[in-house]
Amino acid sequence: MEIATTMPEFMTRASGLEIHEVPDGYIVYHSARDNVSYLNKTAAIIFEFCDGNLPADDIVERVSKIFDLGQSSDQEIRACLESLIKEGLVQASSKSLP
Amino acid sequence: MPGVADQGGTGSGEFEVTALTLTRRFRFRTPDPCVFDRLRYLDCRPEIAGLSQSDVTVSIEPFDGRFRIFSGGLPIKDVIDAGEALDFLHVHLFTSSIEDRPAASVLHAACLRRDGRRLLLTGSKGTGKSTLALRLVHAGYEIEGDEHVFVDGATVIARPRACRIREASLPHLAEMADAISQAPYFSSFGAERIFNVDPRALGAPWRIEQGPVDAVVALHPNHGGYSSIRPMRPSSLVQFLMSETGWRNTGRGLSVANLAALAGRAKAFDLSLGEHASAIRCVDLAIKS
């Protein structure tokens with residue numbers, strides 16, 4: 001149990017998503033949930049990083065670096081990731097994608 | 001005269017009202033003048049570019065003290081009076097017109113053009129969309145439709161239907177009130193009249209054509225106040241359009257794609273709709289942007 005909680009969780013986009021780019025972000029239709037999500041540009045970039053190869057900590061670090069943000073923004077980026085998970089757009093997995 | 005159809009053109013003593021959808025030309029025929037008078041409310045004969053319509057003859061015949069409605073020679077409904085005939089055929093026509101574009105999203109919006117650029121006005125019922133649309137017609141815009149557009153990727157086409165104007169809106173359309181009040185109307189149980197107005201009765205052309213949208217204006221009522229306009233983010237526009245789109249049983253994902261494609265191409269604006277003179281200036285700015 002201890003091991004499981006300390007293992008990195010790789011962020012993966014959920015299946016069954018229809019992603020539409022608009023000038024200020026993404027419109028994502030989740031067919032299984034019959035739900036539409038609106039991602040602004042920052043959320044869209046975070047969403048793009050969720051390709052199954054990066055753990056949450058790495059995504060936070062990379063997004064922070066891209067936008068030249070300090071550590072104080074880490075919490076906001078992490079909150080965005082959590083909201084993507086809550087919306088069902090992203091899943092955490094203990095294994096990275098091959 | 002728009003709204004009045006042929007009377008006994010074949011010598012049969014029948015009246016006829018014509019209503020076009022994108023793919024069909026409904027010919028409503030009846031020997032009964034009361035039924036004819038009611039059915040004039042369905043009159044709809046725009047010029048539709050690039051599409052041809054197949055004829056569908058629907059006859060409304062007196063039958064055993066009531067009326068029997070036939071389509072293609074087959075009975076489809078018995079009704080008790082002219083009012084019920086209108087109710088039934090109104091729904092029949094609407095359903096048929098929606099079936100014309102099964103893969104498209106049906107957006108609640110007026111569709112207008114000026115100088116080759118297309119504009120959609122969208123907003124909830126009671127926002128003042130149809131009244132503003134006619135004010136824009138009076139200001140030189142061409143109208144394609146005032147109620148629904150089919151959104152098919154980045155292009156749209158108006159669902160054929162004449163402009164429907166409530167009697168209570170006439171004070172806001174003073175210059176056109178005489179022409180509007182001569183149009184066929186619907187009135188239920190003594191309620192206010194709703195007029196079925198062919199744009200040509202107002203001196204404007206009525207041509208429907210599929211094409212891209214240059215600007216979408218989302219209306220928010222500010223009745224009695226000033227009008228003001230501001231740019232809107234594309235994703236906010238999609239969110240707004242979602243609430244004004246009739247969902248079909250299948251293909252909601254496709255509808256989202258259609259709206260996203262529309263929002264990705266057209267400029268989006270939020271119009272707080274108060275008095276009309278400044279609202280028209282606001283729309284002028286939107287369509288020229």
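Atom set for the values below is all heavy atoms of this structure, side chains included, hydrogens, waters and symmetry mates excluded. By convention in this document, chain letters (A, B, ...) are assigned in the order of the sequence lines, proteins followed by strands, and residues within each chain are numbered from 1.
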Kindly determine whether A:Asn40 and B:Ser235 satisfy side-chain contact (heavy atoms from CB on, under 4.5 Å), including the steps that lead there.
CA-CA 8 Å; A:Asn40 63 22; B:Ser235 57; over 6 Å; no
Is it the case that atom CG in B:Asp115 sees more than 12 heavy atoms from other parts of the structure closer than 6.0 Å?
no
Around B:Arg117, counting heavy atoms of other residues, nucleotides and ligands shown, do more than 12 lie under 6.0 Å from its CZ?
yes
Closest non-hydrogen atom pair between B:Gly253 and A:His20, with its separation:
O-NE2, 4.2 Å
May I ask you to test the B:Arg233-A:Tyr38 pair for a side-chain heavy-atom distance under 4.5 Å?
no
In this structure, are over 12 heavy atoms from other groups packed under 6.0 Å from A:Phe67 atom CZ?
yes
Please give me the minimum heavy-atom distance between A:Pro23 and B:Gly264, naming the atom from each residue.
CD-CA, 3.7 Å
All heavy atoms of B:Ala260 vs all of A:Ile27, minimum pair found to be CB-CG1, 4.2 Å
Minimum side-chain heavy-atom gap B:Val256-A:Glu18 below 4.5 Å:
no
